[in-house]
Engineer: 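Take a look at this one; I'll ask things after.
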Amino acid sequence: MRSVSDHQAVVAALFGDPVSETVPVAAALGAVTTTEILASSALPGFDNSAMDGYAVRAGEISSATEQSPVTLPVAEDIPAGRTDRLALTPGTAHRIMTGAPMPADADAVVPVEMTDGGVDQVTIRSSIPAGKHIRRAGSDIEAGRPAIAAGTRIGAPQVGLLAALGITEVAVLRRLRVVVLSTGSELVTPGQPLHHGQIYESNGPMLTAAATEAGAEATHLHYVTDDVDAFRTRLDEISGWADVIITSGGVSAGAFEVVKDALTDSDDIEFVKVAMQPGMPQGCGHYPGPDGRRVPIITLPGNPVSSLVSFEMFIRPALRAAMGLPEDRPIRMARLSADVVSPAGKRQFMRGVLRSDDTGAVVDPIGPPASHHLRYLAQANALIDIPEDVDAVSEGTSVQVIEL
Ligand code: AMP
Ligand code: MG
């Protein structure tokens with residue numbers, strides 16, 4: 001049997017280096033920038049008011065106090081969005097709103113709270129230093145300065161900054177198009193009626209969600225029945241456009257293992273046993289598409305827990321690396337809250353709930369080892385990693401856990 005780490009290396013080697021592409025900003029969410037992005041314009045683009053209030057010349061209200069306020073006529077109203085260029089006539093004030101352009105020759109904004117809020121004339125009860133409550137052009141970023149560094153993952157704040165700069169496209173490492181295809185004649189799409197012996201197809205939605213969470217552009221295709229020709233036809237179509245194909249089911253030791261039967265003669269795809277529980281039967285390689293494209297394919301076992309744990313161990317790290325994304329599953333040590341047993345010769349990934357008490361990190365093993373227990377998988381927030389050569393671990397022992 002192949003070790004988990006050896007199979008991780010084999011899967012990782014199926015992927016090429018990350019590729020840069022220019023995409024609309026909205027499509028870049030979650031992707032990593034490949035170039036430094038410079039500010040195409042200053043932010044703010046013009047001096048504007050930081051407050052709702054009155055634009056004044058600070059020198060004209062320097063004597064204003066509560067006891068002896070200063071009253072000025074209000075010559076203009078400047079709401080945000082006013083586009084003409086105004087200048088402040090000496091001896092007047094302009095009523096101005098937050099974000100509205102400062103009139104030329106005004107050098108401060110008196111907040112409305114320090115006035116009577118007048119419309120035709122305004123009584124100001126306090127002096128204010130010159131420059132107060134003005135957001136200067138370029139005070140956030142000057143035109144031509146670096147706005148976003150190369151190697152930044154585009155999240156909501158970066159989308160905001162790019163939009164504020166008026167930038168519509170960005171060069172990022174390409175997000176891979178992952179196609180998830182489940183196999184099994186027993187499978188039925190959720191929402192349809194079930195006959196005896198049928199089950200709802202859950203691996204497809206689950207693995208698609210996992211690939212999306214990992215940062216890929218994932219597509220879930222309707223499952224195929226355990227029919228070799230139908231499966232091959234489907235793969236031929238998919239290999240024309242997908243960057244990665246993930247299948248589930250049909251790779252173990254049964255009589256109707258459609259994935260294995262369809263691909264076992266290919267020189268480019270291997271089926272192996274990996275020394276792990278869950279997830280022992282694995283396959284991977286390149287699918288030779290009819291148009292000559294060789295698409296990385298990873299064939300996961302069908303049991304739901306096996307398929308997701310296999311995705312976590314083999315596909316997620318490789319997929320993220322191929323998109324320039326960092327490893328993001330923290331590995332830490334925690335004390336086991338119960339005795340556990342583990343199959344000798346296999347690395348076991350038990351479902352666990354990681355928590356902390358006053359002595360530090362504790363992990364509760366949950367659910368039986370059998371790999372159909374989706375309920376416990378859905379409760380877990382960690383995988384407890386029991387090494388191959390260990391067959392029992394007692395309560396209180398410190399073990400390695402992978403945070404999900
Ligand atoms: P297989 O690897 O095809 O032999 O399937 C192993 C077990 O996983 C069987 O109990 C299948 O019914 C189940 N299984 C396979 N594919 C799926 C799927 N897409 N969704 C839910 N269960 C599945
Ligand atoms: Mg099957």
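For the numbers below, each heavy atom of this structure counts, side chains included, while hydrogens, waters and symmetry mates do not. In each ligand, atom 1 is the first atom listed, and ligand 1 is the first ligand listed.
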Engineer: Considering Ser182, Ser202, Ser185 one by one, which has a heavy atom nearer to atom 20 (N) of ligand 1 than any of the others?
Structural biologist: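 Nearest option to atom 20 (N) of ligand 1, by heavy atoms: Ser202.
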Engineer: Which of these, Thr247, Leu207, Val180, sits in a side chain to side chain contact (heavy atoms under 4.5 Å, CB included) with Leu300?
Structural biologist: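 Checked Thr247, Leu207, Val180 against Leu300; only one passes side chain to side chain contact (heavy atoms under 4.5 Å, CB included): Leu207.
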Engineer: Under a 4.0 angstrom heavy-atom cut-off, which atoms of ligand 1 come close to Ile199?
Structural biologist: 12 (O), 21 (C), 22 (N), 23 (C)
Engineer: What are the atoms of ligand 1, with element, lying closer than 4.0 Å to any heavy atom of Gly250?
Structural biologist: 1 (P), 2 (O), 3 (O)
Engineer: With heavy atoms only and a cut-off of under 4.0 Å, state how His372 meets ligand 1: side chain, backbone, both or neither.
Structural biologist: neither
Engineer: Could you tell me whether Glu312 and Arg329 have a side-chain N and a carboxylate O separated by less than 4.0 Å?
Structural biologist: yes
Engineer: Listed by chain and number, what are the ring-ring contact (aromatic ring centres under 6.0 Å, His included) partners of Tyr376, not counting sequence neighbours?
Structural biologist: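 So Tyr376 forms a ring-ring contact (aromatic ring centres under 6.0 Å, His included) with His373.
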Engineer: How far is atom 10 (O) of ligand 1 from its nearest protein heavy atom, and which residue and atom name does that atom have?
Structural biologist: Asn303 OD1, 4.2 Å
Engineer: Pick out which of Met276, His7, Glu388, Lys273 makes a side chain to side chain contact (heavy atoms under 4.5 Å, CB included) with Met1.
Structural biologist: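 Option passing the side chain to side chain contact (heavy atoms under 4.5 Å, CB included) with Met1: Lys273.
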Engineer: Is the number of heavy atoms from other residues, nucleotides or ligands within 6.0 Å of OH (Tyr200) greater than 12?
Structural biologist: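 Atom OH in Tyr200 is crowded, with more than 12 foreign heavy atoms closer than 6.0 Å.
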Engineer: Just to be sure I read this right, does ligand 1 sit under 4.0 Å from the backbone of Ser248, its side chain, both, or neither, counting only heavy atoms?
Structural biologist: side chain
Engineer: Tell me which protein heavy atom sits closest to atom 9 (C) of ligand 1, plus the residue, atom name and distance to 0.1 Å.
Structural biologist: Glu186 OE2, 4.2 Å
Engineer: Tell me: protein heavy atom nearest atom 17 (C) of ligand 1, and distance?
Structural biologist: Asn203 ND2, 3.2 Å
Engineer: With a 6.0 Å cut-off on the ring centroids, do His94 and Tyr54 count as close?
Structural biologist: no
Engineer: Hey, which atoms in ligand 1 end up nearer than 4.0 Å to a heavy atom of Glu201?
Structural biologist: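 Contacts of ligand 1 toward Glu201, numbered from 1: 18 (C), 19 (N), 20 (N).
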Engineer: Do Ser182 and Glu201 meet the criterion of a side-chain donor-acceptor pair at a distance under 3.5 Å?
Structural biologist: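 There is such a pair (donor and acceptor under 3.5 Å, judged by atom type) between the side chains of Ser182 and Glu201.
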Engineer: Give the residue, atom name and distance (to 0.1 Å) of the protein heavy atom nearest atom 4 (O) of ligand 1.
Structural biologist: Ser252 OG, 3.7 Å
Engineer: For atom 5 (O) of ligand 1, what's the nearest protein heavy atom and its distance?
Structural biologist: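 That would be Gly302 CA, 3.8 Å.
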Engineer: Does His133 have any ring-ring contact (aromatic ring centres under 6.0 Å, His included) partners at least two apart in sequence or in another chain, and if so, which?
Structural biologist: none
